[in-house]
Visitor: 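Below you will find the structure I want to go over with you.
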Amino acid sequence: MPELPEVETVRRGLEPAMEGARFVKVEARRPDLRWPLPKDFAARIEGSTVIGLGRRGKYLLADLSSGDVLMMHLGMSGSFRVARNAKAKTPGTFHHERSVAPGHDHVVFHMSSGASVTFNDPRRFGFMKLVPRSDLDRDPLMRALGPEPLGNAFDAALLAKACAGKKTSLKAALSDQKVVAGLGNIYVCEALHRARLSPRRRASTIANKSGRANERAERVVEAIKAVLNDAIKQGGSSLRDHRQTTGELGYFQHHFRVYDREGGRCPTPGCGGAIKRIVQSGRSTFFCPVCQK
DNA sequence: CCGCGGGCCTGAGAGC
DNA sequence: TGCTCTCAGGCCCGCG
């Protein structure tokens with residue numbers, strides 16, 4: 001599910017409940033997530049305070065006063081909800097709200113702020129992990145991440161360098177977290193449409209022979225930043241599982257130009273092509289074969 | 001080293 | 001209604 005905009009939406013929702021607050025009690029109800037939670041998971045967190053809540057790619061990183069960093073990943077179906085107190089039922093204040101899958105609340109944080117933070121993940125592809133802060137840069141999961149797409153350092157030159165010499169498709173390259181951290185199936189499709197580039201194009205064609213950026217690389221970078229910023233403003237995309245920490249859905253799915261719109265009309269002004277669905281590396285790709293070259 | 005396909009899990013929706 | 005099949009926002013791993 002969650003790509004960078006959804007994770008960032010979750011981060012912003014968790015921040016007021018968690019930052020500066022202490023873990024009063026941690027419930028590890030179901031430890032067999034993608035990777036099992038350590039036996040001492042709860043004990044290692046309880047009593048510590050959240051110094052800051054950050055994000056790197058699709059990872060949430062809670063910096064704890066204990067010296068650990070709590071890494072959290074939402075996998076495909078993970079979500080967090082914040083309740084002001086543990087007994088209160090889900091506030092049904094949003095008419096677009098849907099209920100989360102029952103019986104999949106795997107981890108619950110009871111914070112000194114009075115809020116409880118519940119991690120729900122039906123498919124259990126998500127996980128949590130504790131890493132000493134001093135080891136974070138050496139952590140294999142962190143080392144496998146390329147640049148932050150919304151960071152100043154991410155530009156055409158950097159992207160072109162990462163794609164130079166790649167025989168794989170542009171779609172697969174942009175989905176690779178080592179090339180750029182945080183994109184997934186939706187936002188790669190959407191960014192390539194905005195950049196008017198075919199997902200089937202070889203990744204290396206956004207660089208020249210010496211690995212320098214060409215005009216296509218500029219377009220891709222601009223499109224990535226634009227689509228991610230737009231999606232964050234809308235609270236991310238809710239196809240099935242994603243919701244904001246209040247339970248409210250994201251709204252960016254109403255702004256998709258190609259994703260999940262097979263057969264629909266291409267929104268590029270003057271194009272009018274029919275959106276096509278193909279399969280690349282086992283995943284659906286949506287694009288307009290008329291204006292995406 | 002690189003790229004691809006399988007597998008991990010559960011639930012929703014389509015088709016019969 | 002109920003069964004079976006396909007597909008889903010991610011990512012690790014083994015194979016060629």
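Naming: A, B, ... by sequence-line order, numbering from 1 per chain.
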Visitor: Whole-Å distance between B/dC9 P and A/R30 CZ?
Guide: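 One finds 9 Å between P of B/dC9 and CZ of A/R30, rounded.
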Visitor: Reading DNA chain B 5' to 3', what string of ( ), [ ], | and . shows its pairs, if Watson-Crick and G-U wobble pairs count only when both distances fall under 3.5 Å?
Guide: .|||||||.|||||||
Visitor: Determine the Euclidean distance between corresponding P atoms of C/dG14 and B/dC9; express it in Å to zero decimal places.
Guide: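 About 16 Å, rounded to a whole number of Å.
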Visitor: What is the separation between atom CG on A/L33 and atom C1' on C/dC11, rounded to the nearest whole Å?
Guide: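 Interatomic distance, CG of A/L33 to C1' of C/dC11: 15 Å.
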Visitor: Does a side-chain N or O of A/S281 approach OP1 or OP2 of B/dG3 to a distance below 4.0 Å, or not?
Guide: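 A/S281 to B/dG3 OP1/OP2: no side-chain N or O under 4.0 Å.
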Visitor: For A/K166 and B/dG3, is the shortest distance between a side-chain N/O and OP1 or OP2 below 4.0 Å?
Guide: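 It does, given that an N or O in the side chain of A/K166 lies less than 4.0 Å from OP1 or OP2 of B/dG3.
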Visitor: Heavy atoms only, 4.0 Å cut-off, all strands: where does A/Y187 land among base, sugar-phosphate and nothing?
Guide: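 If one applies the 4.0 Å heavy-atom cut-off, A/Y187 turns out to touch nothing in the nucleic acid.
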Visitor: Which part of the nucleic acid, if any, lies within contact of A/S284, taking any heavy atom under 4.0 Å across all strands shown: a base, the sugar-phosphate backbone alone, or nothing?
Guide: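 Sugar-phosphate: the residue A/S284, judged by heavy atoms under 4.0 Å, touches backbone atoms but no base.
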Visitor: With distance as the sole test, does A/Q292 use its side chain to make a donor-acceptor pair with the main-chain N or O of A/S198 at under 3.5 Å?
Guide: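 Side chain of A/Q292 to backbone of A/S198, a donor-acceptor pair under 3.5 Å: no, none is there.
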Visitor: What integer distance in Å separates A/R277:CZ from C/dC7:C1'?
Guide: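 My rounded result for the distance is 8 Å.
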Visitor: Confirm from the modelled atom types if A/R123 and C/dA8 form a donor-acceptor pair under 3.5 Å, side chain to base only.
Guide: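 Pair found.
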Visitor: So does A/D135 pair up with A/R138, basic N to acidic O under 4.0 Å?
Guide: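 Counted as a salt bridge, because a side-chain N and a carboxylate O are separated by less than 4.0 Å.
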Visitor: Look only at the side chain of A/T268 and the backbone of A/C271, and say whether a donor-acceptor pair between them is shorter than 3.5 Å.
Guide: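 Not confirmed, A/T268 side chain does not pair with A/C271 backbone.
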Visitor: Just checking A/L141: base, sugar-phosphate only, or nothing, at a heavy-atom cut-off of under 4.0 Å?
Guide: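 If one applies the 4.0 Å heavy-atom cut-off, A/L141 turns out to touch the sugar-phosphate alone, with no base involved.
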Visitor: Ignoring hydrogens and geometry beyond distance, is the side chain of A/R283 in donor-acceptor contact with the base of C/dG10 at under 3.5 Å?
Guide: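 Result: at least one qualifying N/O pair found.
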Visitor: More than 12 heavy atoms of other residues, nucleotides or ligands under 6.0 Å from CZ of A/R133: yes or no?
Guide: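 Count over threshold, so yes.
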Visitor: Using whole Å, report how far CZ of A/R34 lies from P of B/dC8.
Guide: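 Atom-to-atom, A/R34 to B/dC8, this comes out as 11 Å.
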Visitor: Can A/E190 and A/R257 be counted as an ion pair, charged N to O under 4.0 angstrom?
Guide: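 Looking at A/E190 and A/R257, the cut-off is not met.
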Visitor: Of the candidate nucleotides C/dC12, C/dC7, C/dC11, which contains the atom at the shortest distance from the side chain of A/W35?
Guide: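 That would be C/dC12.
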Visitor: Rounded to whole angstroms, how far apart are CZ on A/F125 and P on B/dG7?
Guide: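 A/F125 atom CZ is separated from B/dG7 atom P by 13 Å.
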Visitor: Are a donor atom and an acceptor atom from the side chains of A/Q234 and A/H254 found within less than 3.5 Å of each other?
Guide: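 Judged by distance alone, the side chains do not pair up.
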Visitor: Using the side chain to side chain contact (heavy atoms under 4.5 Å, CB included) rule, pick out the option among A/L37, A/L70, A/D139 that qualifies with A/K129.
Guide: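 The single option meeting the side chain to side chain contact (heavy atoms under 4.5 Å, CB included) with A/K129 is A/D139.
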Visitor: According to a strict under-4.0 Å criterion, is A/H104 in side-chain N/O contact with OP1 or OP2 of B/dC9?
Guide: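 Checking B/dC9 against A/H104, no side-chain N or O comes under 4.0 Å of OP1 or OP2.
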Visitor: Looking at B/dC2, I'd like to know if its phosphate oxygens (OP1 or OP2) sit under 4.0 Å from a side-chain N or O belonging to A/K167.
Guide: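 Answer is no, no contact under 4.0 Å.
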Visitor: Can you tell me the distance, in whole Å, between the CD1 atom of A/I278 and the C1' atom of B/dC4?
Guide: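 Between C1' of B/dC4 and CD1 of A/I278: 15 Å.
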Visitor: Figure out the CZ/P separation between A/R202 and B/dG3, and round it to whole Å.
Guide: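 Result: 10 Å.
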Visitor: Without decimals, in angstroms, what is the distance between A/K58 NZ and C/dC11 C1'?
Guide: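 It is 8 Å, rounded to the nearest whole Å.
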Visitor: Any donor-acceptor pair under 3.5 Å linking the side-chain atoms of A/Y251 with those of A/Q244?
Guide: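 A/Q244 vs A/Y251: no donor-acceptor pair found between side chains.
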